[in-house]
There are 4 protein chains.
Amino acid sequence: MNRTIPKSRRDRRAKIIKRLIIDAAANLFAEKGFHRTTTKDIALAADVSEGTIYNYFDNKDDLLIGIMEHLYEEEHFDAQLRDALPLDARDFLISELEKHKVNVAHNNAMLQSVLSEILVNPKLRQRYYMQLISPSIQLLTDHVLSRIESGHIRNHKPQHLVRIIISLTFGLFFLQVLKDDVVLSEWDELALTTANVLFEGIKPNP
Amino acid sequence: MNRTIPKSRRDRRAKIIKRLIIDAAANLFAEKGFHRTTTKDIALAADVSEGTIYNYFDNKDDLLIGIMEHLYEEEHFDAQLRDALPLDARDFLISELEKHKVNVAHNNAMLQSVLSEILVNPKLRQRYYMQLISPSIQLLTDHVLSRIESGHIRNHKPQHLVRIIISLTFGLFFLQVLKDDVVLSEWDELALTTANVLFEGIKPNP
Amino acid sequence: MNRTIPKSRRDRRAKIIKRLIIDAAANLFAEKGFHRTTTKDIALAADVSEGTIYNYFDNKDDLLIGIMEHLYEEEHFDAQLRDALPLDARDFLISELEKHKVNVAHNNAMLQSVLSEILVNPKLRQRYYMQLISPSIQLLTDHVLSRIESGHIRNHKPQHLVRIIISLTFGLFFLQVLKDDVVLSEWDELALTTANVLFEGIKPNP
Amino acid sequence: MNRTIPKSRRDRRAKIIKRLIIDAAANLFAEKGFHRTTTKDIALAADVSEGTIYNYFDNKDDLLIGIMEHLYEEEHFDAQLRDALPLDARDFLISELEKHKVNVAHNNAMLQSVLSEILVNPKLRQRYYMQLISPSIQLLTDHVLSRIESGHIRNHKPQHLVRIIISLTFGLFFLQVLKDDVVLSEWDELALTTANVLFEGIKPNP
DNA sequence: AATGAATGAGGTTTCATTCAT
DNA sequence: TATGAATGAAACCTCATTCAT
């Protein structure tokens with residue numbers, strides 16, 4: 001038998017197809033939701049047959065997991081945060097929000113489709129929290145802690161500060177999905193304001 | 001004959017049943033999602049027949065609209081904000097977050113089920129934005145503006161401040177749905193931190 | 001108790017309502033068919049409640065029977081034929097077709113709705129044949145027979161002649177329902193041709 | 001490998017199944033009517049799953065269209081009429097009625113089911129008229145015209161003669177559906193009488 | 001490995017009929 | 001007698017999944 005194709009080539013091909021399917025699925029899920037998207041839709045968009053999908057994923061739910069894992073692989077929070085340490089706190093916040101923007105722009109569809117299901121699918125929710133949120137919180141907490149220790153930021157409870165930052169992130173994403181005009185068109189300025197507010201507060205100048 | 005009731009016995013009964021169905025639906029939607037909830041489930045939970053549901057709602061989608069409308073009716077943002085004006089800015093923030101907490105606790109299921117669909121249903125999304133978000137933004141903006149003018153809070157762009165507040169609100173709700181430990185168990189303290197951060201910033205004390 | 005309303009007044013009222021319902025039903029049945037017409041549709045068109053329909057008819061099928069019976073009551077074939085005897089054969093045919101036209105114009109909807117169901121409802125079909133077709137055939141046969149005996153028409157088998165006439169009648173009705181242009185717009189002339197053809201044949205003049 | 005079949009094994013199989021479903025549907029529709037026949041009934045009779053029906057037809061209505069199209073494909077009116085030209089007028093009529101008989105016997109169920117719906121379904125009605133009746137009328141008119149010109153039949157308006165013939169055809173079919181004894185048991189003789197009447201009229205012999 | 005026709009469970013929705021008022 | 005809300009069986013149709021090719 002001809003075993004000319006080395007295992008790795010086949011693997012690479014498989015990875016490509018898997019990615020094709022995931023992209024197609026994520027876009028459709030974001031557009032019309034997980035449940036309104038049929039496997040036939042996905043097959044069509046990914047230009048494979050329905051059967052092929054099942055060669056790469058156990059079932060439709062597994063596609064969501066696949067998307068989530070893809071999101072996970074794209075995250076390099078630790079590296080990002082390490083790189084950010086030299087920045088001062090305000091610039092850090094700005095760069096955080098900028099990164100968030102880029103990240104979201106890149107994975108918009110995936111995020112949107114996953115979040116929607118997470119809200120109403122306890123199993124997926126837990127997996128998402130464990131796999132993506134919890135590690136992020138951990139890293140961010142450490143980062144914030146070290147900034148507090150180094151006197152860059154005030155002595156608030158780090159775990160609270162982290163929740164505030166993450167909440168802002170999710171909330172802004174949500175407003176963006178809702179196509180809020182200000183969030184869409186004045187993003188950069190809004191990011192600046194946000195950083196300023198977080199850094200200096202809204203208290204009137206003395 | 002007891003003709004004390006003007007004409008509305010039937011009307012009142014209808015309203016009760018409608019509410020029964022909406023409550024049942026919202027709980028189930030939040031629990032397992034709109035699409036995993038069958039009309040039979042709803043009928044069972046509301047203790048009516050499936051047919052009866054369709055005497056009160058055009059179709060299953062209409063139930064979501066119904067839930068949204070209920071959320072809308074529950075909102076009395078204008079009154080809330082008017083009452084809040086005497087408070088100073090920090091107390092205002094705290095009371096905002098508290099109200100949010102109460103409001104959410106009350107309508108948790110409804111909010112959760114609606115938000116999930118909104119993320120992937122453009123039609124519902126627009127309706128939600130127009131009916132619930134946009135008016136809230138408007139009122140909050142006015143409120144913030146008057147506080148700026150009266151010198152209670154610093155001169156940031158009001159429309160940006162409002163987005164920040166709303167984002168925080170959504171984000172915290174999201175973390176709560178994700179059952180984040182800190183958000184769940186330290187809510188009051190977290191609210192306080194949030195208010196402090198927003199008010200005074202995270203900048204180290206001078 | 002006040003028994004002021006004499007039995008007959010009540011009866012008359014009942015008859016009127018029954019007729020109202022039958023008319024509404026027949027029109028709707030003809031328009032969109034028996035099965036696509038809901039009892040609610042009928043109630044609306046007849047300006048009564050759905051419940052009231054069931055005070056006058058056992059069930060929906062019974063409405064069709066009611067329509068058929070109405071058609072039956074409208075028929076006065078015996079009298080018509082008796083009156084027609086003095087006419088010569090050709091004029092008789094013309095007057096037959098004319099009467100058919102009038103009759104149809106009057107009961108168009110009822111006929112249409114009943115015929116449709118008859119084609120696919122064996123029970124109704126038999127009833128229709130027994131109650132309406134069979135008697136007509138009988139009377140027509142007698143009539144034709146007496147015309148043959150009196151030498152007005154040629155000695156064809158009367159039962160065959162009758163089938164031919166009745167077939168023509170049904171067929172023309174069918175073409176009219178199909179909105180055939182010629183049948184609709186040149187009816188009178190067509191009737192004349194038909195009578196001529198039946199009377200003198202299409203054989204070329206000697 | 002047997003690659004004798006060009007590419008159409010699948011296609012042929014599809015055609016067979018489609019036909020299976022159409023036959024099953026037509027029989028059931030004729031037996032109990034379109035609306036009293038469930039897709040489950042059809043699936044059972046055609047020995048396929050309900051889902052399979054929807055792989056071949058868009059919806060239940062589409063089945064009727066399918067039946068109509070089948071009727072249309074079976075019609076070869078033009079050829080029939082061309083072949084009939086050499087016959088003299090009376091024999092032509094007889095052969096027409098004979099062909100009608102055969103045709104009907106063959107497609108009885110389909111015709112019956114389609115006609116029933118046509119009476120109460122404007123959309124289908126128009127389609128039927130355009131696709132089946134109108135072309136037949138056209139061909140028949142031409143045929144009759146040429147017979148008139150060649151002196152085979154008398155100078156009646158061809159479009160009227162055609163309506164008469166078609167009406168007779170429909171009417172006789174209708175009586176047959178009604179199981180009229182004479183039409184069923186004396187068909188051949190009835191056909192002969194009809195031809196004679198049409199040809200020579202019922203006018204008494206001179 | 002890829003395909004896509006076949007499947008059938010199960011979902012939403014309709015609607016004839018009932019019955020308390 | 002008239003009403004119309006409540007019912008629930010059953011219809012049509014969808015779609016995730018399988019499997020022979």
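For clarity, every value in this text was computed on a predicted model and none was experimentally measured. All chains are named by letter (A, B, ...) in the order of the sequence lines, taking the proteins before the strands, and each is independently numbered beginning at 1. Just so you know, these numbers use all the heavy atoms, side chains as well, and skip hydrogens, waters and symmetry mates.
A straight line from CD1 of I21(D) to P of dC13(F) spans 14 Å, rounded to a whole angstrom. Summarising the geometry, the separation between NZ on K18(A) and P on dA2(E) is reported as 13 Å, rounded to the nearest angstrom. Rounded to a whole Å, the CG atom of L44(A) is 17 Å from the P atom of dA2(E). Counting to the nearest Å, the P atom of dA6(F) and the CD1 atom of I42(B) are 16 Å from each other. For F57(B) and dA6(F), the CZ to P distance is 12 Å, given to the nearest whole Å. When rounded to the nearest whole Å, the span between CG of L28(D) and P of dC12(F) equals 12 Å.
For the pair K18(C) and F57(C), the cation-pi test (distance below 6.0 Å, angle within 45°) is passed.
Between M110(C) and I22(C) there is a side-chain heavy-atom pair separated by less than 4.5 Å. Side-chain contact between E31(B) and Q112(B) is absent, with no heavy atoms from C-beta onward closer than 4.5 Å. Counting heavy atoms from C-beta outward, R127(B) and L132(B) have side chains that stay 4.5 Å or more apart.
OP1 and OP2 of dA1(E) both lie 4.0 Å or more from every side-chain N or O belonging to R13(A). Y56(D) has no side-chain polar atom (N or O) that falls below the 4.0 Å cut-off from OP1 or OP2 of dA5(E).
Checking dC15(F) for Watson-Crick or G-U wobble geometry (two distances, each under 3.5 Å) identifies dG8(E) as its partner. Remark: dA20(F) base-pairs with dT3(E); criterion is Watson-Crick or G-U wobble with both hydrogen-bond distances under 3.5 Å.
Within 6.0 Å of atom CG in D62(B), more than 12 heavy atoms from other residues, nucleotides or ligands are found, so the atom counts as buried in its surroundings.
Contact detail for A30(A) and S113(A): the closest heavy-atom pair is N-CB, 3.8 Å.
Where A14(D) and I53(A) meet DNA chain E, the nucleotide closest to each residue was compared, and I53(A) sits on the side nearer the 5' end.
Closest to the side chain of I17(C), from the set dA2(F), dA6(E), dA6(F), is dA2(F).
Tested against V114(B) for a side-chain contact (heavy atoms from CB on, under 4.5 Å), the candidates I65(B), L71(B), N107(B) yield a single pass: L71(B).
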Between N or O atoms, less than 3.5 Å apart, protein on one side and nucleotides 15-17 of chain F on the other: list the pairs.
unit_1: dA16(F); atom_1: OP1; unit_2: K60(A); atom_2: NZ; d: 3.0
unit_1: dA16(F); atom_1: OP2; unit_2: T39(A); atom_2: N; d: 2.6
unit_1: dA16(F); atom_1: OP2; unit_2: T39(A); atom_2: OG1; d: 2.9
unit_1: dT17(F); atom_1: OP2; unit_2: Y54(A); atom_2: OH; d: 2.8
unit_1: dT17(F); atom_1: OP2; unit_2: K60(A); atom_2: N; d: 2.9

